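See structure below.
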Number of protein chains: 2
Amino acid sequence: MKGRGYKATPQRVAILEALAAEQHQSLDEIHAKCPHVGLVTVYRTLDLFSEIGAVRRLDLGDGSRYELAEAHHHHLICDSCGSISEFEGCPIDPERLDVEGGFEVRSHSVEVYGNCAECL
Amino acid sequence: MKGRGYKATPQRVAILEALAAEQHQSLDEIHAKCPHVGLVTVYRTLDLFSEIGAVRRLDLGDGSRYELAEAHHHHLICDSCGSISEFEGCPIDPERLDVEGGFEVRSHSVEVYGNCAECL
DNA sequence: CTCAATGCAAACATTTTGCAAAGAC
DNA sequence: GTCTTTGCAAAATGTTTGCATTGAG
């Protein structure tokens with residue numbers, strides 16, 4: 001998993017486990033799962049993970065959230081309770097996307113806002 | 001435009017004009033266009049505009065940006081120079097979106113990442 | 001043994017709040 | 001004249017940096 005010159009410290013492993021436990025967590029939530037790791041280290045480690053592409057940084061309106069960069073998926077955000085969930089089927093129609101002349105598409109993200117089942 | 005109990009102060013008009021001048025600006029950019037308005041007022045006014053739905057708040061990875069809530073469009077973000085541009089044609093396939101059982105869709109946003117024409 | 005990684009404290013940036021004065025209606 | 005809005009200063013919040021120490025390789 002790591003081996004490109006990065007050291008596998010206990011702190012990094014702990015943060016990785018925290019990330020694996022749940023999707024799209026805030027920095028505080030991650031830190032709460034490994035309180036013995038210094039807050040500064042959490043910041044730096046998440047920065048590092050983002051840079052090497054292991055972690056995706058999201059911004060859904062309430063500050064940064066982090067999740068392991070695994071399968072392609074998007075997010076449903078409930079306007080009323082703020083809960084976030086994922087869905088797998090990507091609703092992007094590729095034919096309608098490659099019309100953007102002069103822009104080379106690398107990736108995309110989709111956020112869907114509305115009301116979740118609990119709030120209906 | 002306003003008349004639902006909100007006062008049309010010179011500050012609010014100035015901020016509205018600043019917003020009209022350019023899309024997806026940061027709070028600092030908006031404030032720079034009307035320096036005589038107190039920074040606190042810019043914060044409060046943008047909050048107000050967001051609440052009443054006149055302004056859309058974006059978060060594209062580099063802090064909040066604001067734009068007038070006009071025609072439905074999405075954003076292209078260049079990974080290399082960070083420039084942001086809009087595109088009109090929505091690439092969402094509605095058929096693939098209403099499959100989300102138990103979630104009532106109200107709106108959505110799409111961000112496309114890649115390289116702009118200048119950076120290719 | 002060496003150099004990257006950590007943790008503390010302090011610096012820094014950003015956003016929010018309290019309150020008196022000003023101004024829109 | 002009333003009640004909202006403004007602006008200042010201060011507080012709260014969130015993030016980054018400097019530097020000595022620790023520990024993985």
Side-chain angles (χ1 to χ4, degrees), chain A residues 1-20 22-68 77 82 84, chain B residues 1-20 22 24-69 77 82 84:
Chain A
M1 179 153 220
K2 50 185 47 181
R4 234 143 319 279
Y6 299 109
K7 296 185 178 174
T9 67
Q11 289 89 337
R12 288 179 178 173
V13 174
I15 291 171
L16 218 39
E17 283 170 356
L19 284 164
E22 207 176 335
Q23 290 285 60
H24 45 72
Q25 297 175 85
S26 68
L27 192 137
D28 279 343
E29 289 170 328
I30 295 166
H31 186 217
K33 289 200 173 63
C34 43
H36 52 292
V37 178
L39 187 55
V40 182
T41 301
V42 179
Y43 274 104
R44 284 189 283 221
T45 304
L46 290 174
D47 273 357
L48 174 68
F49 286 174
S50 303
E51 273 169 36
I52 65 178
V55 159
R56 208 162 17 223
R57 169 184 260 118
L58 313 170
D59 222 311
L60 271 28
D62 64 337
S64 290
R65 293 181 168 273
Y66 304 84
E67 65 183 21
L68 289 176
I77 301 104
I84 305 170
Chain B
M1 179 152 219
K2 51 184 48 180
R4 237 142 314 283
Y6 299 110
K7 297 189 179 175
T9 66
Q11 289 89 339
R12 288 179 178 173
V13 174
I15 291 172
L16 217 40
E17 284 170 356
L19 283 164
E22 208 175 335
H24 46 70
Q25 298 175 82
S26 67
L27 192 135
D28 278 344
E29 289 170 327
I30 294 165
H31 185 217
K33 289 199 175 61
C34 43
H36 52 292
V37 178
L39 187 57
V40 182
T41 300
V42 179
Y43 274 104
R44 284 189 283 218
T45 303
L46 290 174
D47 273 358
L48 173 67
F49 286 174
S50 304
E51 272 169 36
I52 64 179
V55 158
R56 207 162 18 223
R57 169 183 260 119
L58 313 169
D59 223 311
L60 272 26
D62 62 340
S64 290
R65 293 181 168 272
Y66 303 84
E67 65 182 19
L68 289 177
I77 300 106
I84 306 170

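In this text the structure is predicted, and so the values were computed from the model without any measurement.
Summarising the geometry, the separation between CG on A:L46 and P on D:dT16 is reported as 11 Å, rounded to the nearest angstrom. Between B:Q11 atom CD and D:dT4 atom C1' the separation is 12 Å, expressed in whole Å. When rounded to the nearest whole Å, the span between CG of B:L16 and P of D:dT5 equals 15 Å.
Regarding contacts with the backbone of D:dT16, every side-chain N or O of A:Y43 stays at 4.0 angstrom or more from both OP1 and OP2.
Here the shortest heavy-atom pairing between B:R12 and B:K7 reads NH1-O, 3.0 Å. When all heavy atoms of B:G38 and B:H31 are compared, the closest pair comes out as C-NE2, 4.2 Å.
Under the ring pair (Phe, Tyr, Trp, His ring centres under 6.0 Å) criterion, B:H24 pairs with B:H75, sequence neighbours left out. With sequence neighbours left out, B:E17 forms a side chain to side chain donor-acceptor pair (under 3.5 Å) with no residue at all.
Protein chain A contacts DNA chain C over a range whose 5' and 3' limits, counting nucleotides with an atom under 4.0 angstrom from a non-hydrogen atom, are C:dC3 to C:dA9.
Two end axes, each from the C1' atoms of five base pairs, can be drawn for the helix from C:dC1-D:dG25 to C:dC25-D:dG1; they diverge by 40°, to 10 degrees.
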Can you check side-chain contact (heavy atoms from CB on, under 4.5 Å) on B:L58 and A:D59, steps first, answer last?
CA-CA 9 Å; B:L58 313 169; A:D59 222 311; over 6 Å; no
Between B:I84 and B:Q25, is a side-chain contact (heavy atoms from CB on, under 4.5 Å) present by the stated rule, with each step listed?
CA-CA 10 Å; B:I84 306 170; B:Q25 298 175 82; over 6 Å; no
What one-letter contact string describes nucleotides 19-24 of chain D from 5' to 3', where B marks a base within less than 4.0 Å of any protein heavy atom, S marks contact via sugar-phosphate atoms alone, and - marks no contact?
----BB
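Taking a 4.0 Å limit (strictly below) on heavy-atom distances, residues 28-37 of chain A does not reach DNA chain D anywhere.
Of the candidates B:I15, B:T41, B:L16, B:C34 forms a side chain to side chain contact (heavy atoms under 4.5 Å, CB included) with just one, namely B:I15.
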